[in-house]
Amino acid sequence: MAGRLTVLREDFLRRVPKAELHCHFEGTVRPATFKDLAERHGVELPSDDPAQLYDYNTIIEFLSIFGMVSSTIIDRDDFARAAYESLEDGVVLGNLRYREMFFNPTLHTRRGVPISTVLAGLADGIEAAEQDLHVRCRLIADVYRQDPPDAARQMVEELLDARDHARGHLIGLGMDGAEADDPPEKFVDAFHLARRGGLRLTSHASEDAPPRNIVTCLDLLGCERIDHGYHILEDPAILARCRDDGIYFTCCPTSTAVVYGWPDLSHHPIKDMVAGGLRCMLNSDDPTMFHTDIGREYVVACQALGYDAAKVRQLCLNGVEASWLDGVDKAVMRQELNAEIDALQASLPG
Ligand SMILES: [Zn+2]
């Protein structure tokens, strides 16, 4: 029918091979694992029903549950199990091939878990998943904005001292937490220290704050890409600069819709960011806590935005280009993704 929009099939969107660069380890824990770990470590939960554990109505409740989940991950095996399951969910539900995964060191170290335990456990889970499921993962430690700048700097010092425990999987520093009251310039020392230590840099920016935070992250902190960035649409000059510089944006449809009120994904800022020439890619953010997964993010966003198969392919490839894989690995993954998407398009009717 002339002019009719073709909606891409759910199975195509779930099965296109994906690289994901914006996903928080602590927000990927399965409800049943949360319950299991809480029982093992004597942490009392608000509900015995795993399905109800991630029900919340406000950002305050969300952060409270996020902290509670973290408090149940204590031993090296806990980190390994949760990391493995997190990658398994990505593979099974969304054909995940590669992830650069955030974790918050101070969330764990401030309750007495050694950073060496965190890193070694995450590395155990990542290596087991790569062996069993052929998915690769690298780690990005996040500065938590509500920590004082000195605590953030100290976290980076400890991280660099302990990085051997991550067995090569720790590659970057990022930043998360509530953005409005704690702007990025507070953490310039932590970022510069990380860069001198050989870590790559990214940051959540302009998710719920003015677009000038994006400029601060790029120019003062030295970030190479931006996580979220939606308010860039309010400043055409900053948008033009990021477009011309080829800055990549890691966007998260569902989490932003829930927390910041864009319930209709057909009007999500991603639409105008892509139309404005910015290089965007899709991510699940805190998938289990937002009742989603990386496969579902592609389904709901690409269908709502009316994207065709060529646009979906570009989103997938942007995930590879924006990653911190080296040039050879990137070329191999680019070729594999293109071949697999070709085969998928050929095999599916319509
Ligand atoms: Zn995030």
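Numbers here simply count residues along the sequence, with the first being 1. Each ligand, and each atom within it, is numbered from 1 in the order the structure gives.
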Which angle, to the nearest 10 degrees, do you find at the Zn ion (ligand 1) between NE2 in His24 and NE2 in His22?
-> 110°

Cys252 near the Zn ion (ligand 1): N/O/S under 2.8 Å = no

In sequence, state the C-alpha distance, the side-chain angles, and the governing distance for Leu107 and Ser71, and then conclude on side chain to side chain contact (heavy atoms under 4.5 Å, CB included).
-> CA-CA 8 Å; Leu107 212 50; Ser71 74; over 6 Å; no

Do the rings of Phe25 and Phe79 sit parallel, tilted or perpendicular, given the 30° and 60° boundaries?
-> parallel

His204 near the Zn ion (ligand 1) via N/O/S, less than 2.8 Å | yes

Within the stated cut-off of 2.8 Å, is an N/O/S atom of His228 closer than that to the Zn ion (ligand 1)?
-> no

Keeping the roles fixed (side chain from Asp286, backbone from Met289), state whether a donor-acceptor pair exists under 3.5 Å.
-> no

How are the rings of Phe66 and His24 set relative to one another: parallel (under 30°), tilted (30 to 60°) or perpendicular (over 60°)?
-> perpendicular

Return the orientation label for the Phe34 and Tyr54 ring planes: parallel under 30°, perpendicular over 60°, tilted otherwise.
-> parallel

Hey, which N, O or S atom on Asp285 ends up closest to the Zn ion (ligand 1)?
-> OD1

